[in-house]
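Have a look at the structure below before the remarks.
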Amino acid sequence: RWVLSLQCKGSRNFMSALRRAVEVDFKDKEKHKSQGLYLLTTGIPDQETHTISAYVAEVCRGFDLQLHVCLFSVMKDLGSSGVIPARYANPTETASAFKEIVQAASGRFHWFGEAGIFESDDITSIVSEMEKAKNYSQKCAFLVESLKQRS
């Protein structure tokens with residue numbers, strides 16, 4: 001169920017947008033089953049990461065929801081749009097901050113750019129499952145081979 005689209009209008013005031021989403025649209029939480037919030041962003045929030053993480057952890061537990069982040073790394077110069085953000089971080093620092101925030105919210109993190117996918121919790125999970133399946137398959141093959149040799 002899609003609830004609300006929030007825009008920060010040239011800033012990255014994440015706390016304001018999150019408060020608005022939670023306080024306006026999730027106040028009748030008894031009517032809603034587990035919900036998810038999706039943040040589509042190109043940069044680090046204006047607020048400090050530890051402040052956001054603490055707030056997100058509290059809110060997500062209280063409303064039984066998860067925050068998922070899709071970070072799109074834009075390869076433009078800082079301020080090329082005419083708006084200089086209140087807080088700046090390079091793409092790696094930005095990704096690290098959002099990973100911490102997502103972890104506090106029991107959500108998923110996806111980082112991509114013009115060159116493709118840099119990191120994705122979903123893809124990591126799929127690759128992990130494929131590795132497990134491969135390992136189980138190898139163990140089964142060894143077991144079958146050892147049983148063949150015994151008979």
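Residue numbers run from 1 in the order of the sequence given. Atom set for the values below is all heavy atoms of this structure, side chains included, hydrogens, waters and symmetry mates excluded.
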- Give the minimum heavy-atom separation between A104 and V56, together with the two atoms involved. C-CG1, 4.4 Å
- Query: Looking only at heavy atoms, which two atoms of M15 and I52 are closest? And how far apart?
  - Reply: SD-CG1, 3.8 Å
- Task: Kindly indicate, with the supporting measurements, whether the criterion side-chain contact (heavy atoms from CB on, under 4.5 Å) is fulfilled by I123 and I117.
- Result: CA-CA 9 Å; I123 291 173; I117 299 169; 3.4 Å; yes
- Message: Hydrophobic cluster membership, with links at side-chain heavy-atom distances under 4.5 Å among I/L/V/M/F/W/Y: are V69 and F118 in one?
- Response: yes
- Side chain E93, main chain N90, donor-acceptor under 3.5 Å: yes
- Message: One pair to check against side-chain hydrogen bond (donor to acceptor under 3.5 Å, both in side chains): S73 and W111. What are the steps and the verdict?
- Response: CA-CA 7 Å; S73 288; W111 179 21; 2.5 Å; yes
- Quick one: does S125's side chain have a donor or acceptor within less than 3.5 Å of a partner on D121's backbone? no
- Query: Could you give the distance from CD1 (I44) to CD1 (I101), rounded to the nearest 0.5 Å?
  - Reply: 7.0 Å
- To the nearest 0.5 Å, what is the distance between CZ (F14) and OH (Y55)? 9.5 Å
- Message: Angle between ring planes, Y38 versus H68, binned at 30° and 60°: parallel, tilted or perpendicular?
- Response: tilted
- Message: Would you compute the distance between atom CG of L39 and atom CZ of F98 and round it to the nearest 0.5 angstrom?
- Response: 5.0 Å
- Item | F72 and F112: CA distance, side-chain angles, deciding distance, ring-ring contact (aromatic ring centres under 6.0 Å, His included) verdict | CA-CA 5 Å; F72 184 75; F112 59 101; 5.2 Å; yes
- Item | S128 side chain vs T124 backbone, donor-acceptor pair below 3.5 Å | no
- More than 12 heavy atoms of other residues, nucleotides or ligands under 6.0 Å from CD of Q103: is that the case? no
- Message: Donor-acceptor pair, distance only, cut-off 3.5 Å: does the side chain of S146 make one with the backbone of L143?
- Response: yes
- Item | Interatomic distance, E145 atom CD to C140 atom SG [nearest 0.5 angstrom] | 13.5 Å
- Query: Got a donor-acceptor contact below 3.5 angstrom from the Q66 side chain to the A105 backbone?
  - Reply: no
- Message: Using 0.5 Å steps for rounding, measure from the NZ atom of K148 to the CZ atom of R150.
- Response: 15.0 Å
- Under 3.5 Å donor-acceptor, S53 side chain and T49 backbone: yes
- Do R19 and V59 have side-chain heavy atoms sitting under 4.5 Å apart? no
- Roughly how far, to the nearest 0.5 Å, is the CD1 atom of I126 from the CE atom of M130? 8.5 Å
